[in-house]
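Heads up, the thing below is written out as structure tokens.
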Amino acid sequence: MLNAKEINLVGLAIALLFIGCVEPFEAEVLDFENALVVDARLTNEVKQQQISLSRSYRFGTEALLPETDASVQIIDENGTTYPFVEDEPGFYKSTSAFAAQPNVGYELSISTTSGTLYQSETVVTPESVAIKELKAELDVSDSGEEGLQIALTNESARSEATYFRVEYEETYKIIAPFYNPSEFEVVDSLYFTIGDQDSFEINIIGRTEEAQTCYGTNISTAILLSDSEGNSGGQTGKTTVRFLRSDEFMISHRYSILVKQFGLTQEAHGYYATLDDFSSSEGVFSEVQPGFLKGNITALNSDELVLGYFEVASVNTKRYFFNYTDFFPQNPLPPYPINCEPTGAPPLISYNPHIDGEYIVDEASPQSPLLNGILSGAIAYHAINEEYVESEDVIQPPAGEAPYFVKATPCIDCRALGSNVKPDFWVE
């Protein structure tokens, strides 16, 4: 699927060499400001298929402009039409659920409000190849780091080459190392006024929501391609999906990865290989202006350029779980992403030194470091400060400065790093 980075990077005028017989796409250096950007993938999954349309932008700007009120449809080689309706600005969903059928050709047709017609080449649904195995194994990276290699292998009875693109979604358990079943409750967040130094109120109450165990999720962004060329019987061999260092926080407790493998046509594989080559060619972009990577969609009644590719793919998925102790039973847990050692005691009120050496409250602009930290979400309740002595005498900050000890919120409340809702697929 195209993203802003990919759109900015496509189209450098350089010669590319590819492994095997994958045919490279030609890149042209052209001005493609205000070109139509098409993000269209039809799969063999029975669902409401989705297509997004937008307009390209001048290099260096931040957002795409959605292409609204377009007429979008997919037509198969038997003449069946699948219309799409705009669900959100620039996002179009098929009016009914359907799936790409094996060995059937499909075309994408688009008509915009400006009257421009766009059509894709006919794309035939490639063979569906099942994932035979997905697992993690101990490995050492090229840089000498110990970790886990997550790899998949396929099985296919075909002898000719098949092509794939792989995406993944990883989910991992987060356990707050200094979880406390109690938390701050800000009853009144108004600062004291002159003559009233007790107008805000903070209580300690029991938690009503899960905050000890959460779940984080990451989605792959890199282009990962593989093919079965050079392997007997159509076997693709092993494809490395992910390498995780042994000190990676995500695998501290329990980790799961869902791998999606998209069977591609040779032409789609070549397109993504070219796109990947552009995005990984560091050092070139400061010297060569971004240009245009021609896909398989053209404007029929104008010379307007089109960015994107109409992809028809067969999808296979597999999920894998493991615990950190399955592979590193003797190792200490990987470090938490937040340094949780510091424990603070923010004062209730900020005191300013007076000319006679005493400390007084700045009544013109009163501040409460404790209240500010709570309201900003930076700190969470850790423990009672037993050394704190409450006093009405505001001559100098009392010993211990504050009635509560605090830590950085992620150390106590896992919701700062993930969701406290357990995923439906999660198993222990």
Side-chain angles (χ1 to χ4, degrees), residues 1 19 41 43-47 99-100 102 125-142 145-158 161-174 215-264 268-269 272-273 276 311 313-329 331 334 418 422-428:
M1 309 286 274
I19 299 174
R41 177 197 293 166
T43 73
N44 62 345
E45 302 164 290
V46 179
K47 65 178 184 180
T125 309
E127 179 192 19
S128 178
V129 178
I131 300 174
K132 180 180 181 180
E133 186 177 46
L134 176 68
K135 66 177 183 179
E137 295 179 326
L138 291 170
D139 196 12
V140 177
S141 70
D142 294 338
E145 295 176 305
E146 180 187 34
L148 296 174
Q149 175 188 256
I150 300 176
L152 67 83
T153 54
N154 289 321
E155 52 186 358
S156 172
R158 291 184 55 177
T162 48
Y163 304 92
F164 306 99
R165 181 163 59 83
V166 177
E167 297 178 355
Y168 64 83
E169 179 178 298
E170 56 187 358
T171 305
Y172 51 95
K173 181 186 284 188
I174 304 166
Y215 303 86
T217 298
N218 295 324
I219 298 175
S220 60
T221 56
I223 299 174
L224 177 59
L225 302 172
S226 65
D227 63 75
S228 63
E229 290 191 84
N231 296 295
S232 61
Q235 298 293 328
T236 65
K238 182 183 292 186
T239 300
T240 298
V241 178
R242 191 84 164 90
F243 180 83
L244 295 162
R245 300 190 318 273
S246 60
D247 62 352
E248 196 86 51
F249 163 69
M250 289 186 296
I251 62 174
S252 297
H253 302 287
R254 186 161 177 79
Y255 172 94
S256 176
I257 186 168
L258 174 67
V259 172
K260 289 186 175 183
Q261 178 174 258
F262 298 86
L264 304 178
H269 189 276
Y272 284 111
D276 185 43
E311 174 188 342
S314 56
V315 184
N316 280 274
T317 64
K318 205 171 190 67
R319 181 175 289 281
Y320 178 72
F321 284 89
F322 68 82
N323 294 324
Y324 186 74
T325 53
D326 294 340
F327 295 95
F328 309 104
N331 288 20
K422 187 177 185 178
D424 293 337
F425 61 80
W426 194 264
V427 293
E428 293 293 337

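These figures come from a predicted structure and were not determined experimentally. Just the heavy atoms: all of them, side chains too, but no hydrogens, waters or symmetry mates, feed the values below.
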| Between R242 and E248, is there a salt bridge with N-O shorter than 4.0 Å? |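 Looking at E248 and R242, the cut-off is not met.
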Tell me the closest heavy-atom pair linking [X] and [Y], and the distance in Å.
X: V241; Y: L224; result: CA-CD2, 3.8 Å
X: G263; Y: P126; result: O-CG, 3.0 Å
X: I174; Y: G216; result: CD1-N, 3.8 Å
X: P334; Y: S246; result: CG-O, 3.6 Å
X: L134; Y: K318; result: CD2-O, 3.5 Å
X: A151; Y: K238; result: CB-CG, 3.3 Å

By side-chain hydrogen bond (donor to acceptor under 3.5 Å, both in side chains) - contacts of [X] (at least two apart):
X: T240; value: Q149
X: K47; value: E45
X: N44; value: none
X: N331; value: none

Mind checking the [atom1]-[atom2] spacing from [X] to [Y]? Nearest 0.5 Å is all I need.
X: S128; Y: Q261; atom1: OG; atom2: CD; value: 9.0 Å
X: E133; Y: N154; atom1: CD; atom2: CG; value: 11.0 Å
X: D227; Y: R165; atom1: CG; atom2: CZ; value: 14.5 Å
X: E311; Y: F262; atom1: CD; atom2: CZ; value: 7.0 Å
X: Y215; Y: R254; atom1: OH; atom2: CZ; value: 10.0 Å
X: E170; Y: N218; atom1: CD; atom2: CG; value: 4.5 Å

What pairs with [X] under side-chain contact (heavy atoms from CB on, under 4.5 Å), at least two apart in sequence or on another chain?
X: A100; result: L42, Y106, T125, V312
X: T317; result: L258, K260, V315
X: S256; result: R319, F321, F425, W426

| field | Y324: partners by ring pair (Phe, Tyr, Trp, His ring centres under 6.0 Å), with sequence neighbours left out | value |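 F328.
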| field | Residues that Y172 engages under ring pair (Phe, Tyr, Trp, His ring centres under 6.0 Å), provided they are two or more places apart | value |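 Partners of Y172 under the ring pair (Phe, Tyr, Trp, His ring centres under 6.0 Å) test: none.
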| said: Taking salt bridge (charged side-chain N to carboxylate O under 4.0 Å, His left out) as the definition, give me every residue that meets it alongside E145, ordered by chain and number, with sequence neighbours left out. | reply: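 Once residues adjacent in sequence are excluded, the partners of E145 under the salt bridge (charged side-chain N to carboxylate O under 4.0 Å, His left out) criterion are R245.
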| said: Exactly one of L148, N323, L244 should register a side-chain contact (heavy atoms from CB on, under 4.5 Å) with Y255. Which one does? | reply: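 The single option meeting the side-chain contact (heavy atoms from CB on, under 4.5 Å) with Y255 is L244.
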| Derivation of the side chain to side chain contact (heavy atoms under 4.5 Å, CB included) call for L152 and F164 | CA-CA 12 Å; L152 67 83; F164 306 99; over 6 Å; no
| task | Examine distances only and state if a side-chain atom of N316 and a backbone atom of V129 form a donor-acceptor pair shorter than 3.5 Å. | result |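 Yes, N316 side chain to V129 backbone: donor-acceptor pair under 3.5 Å.
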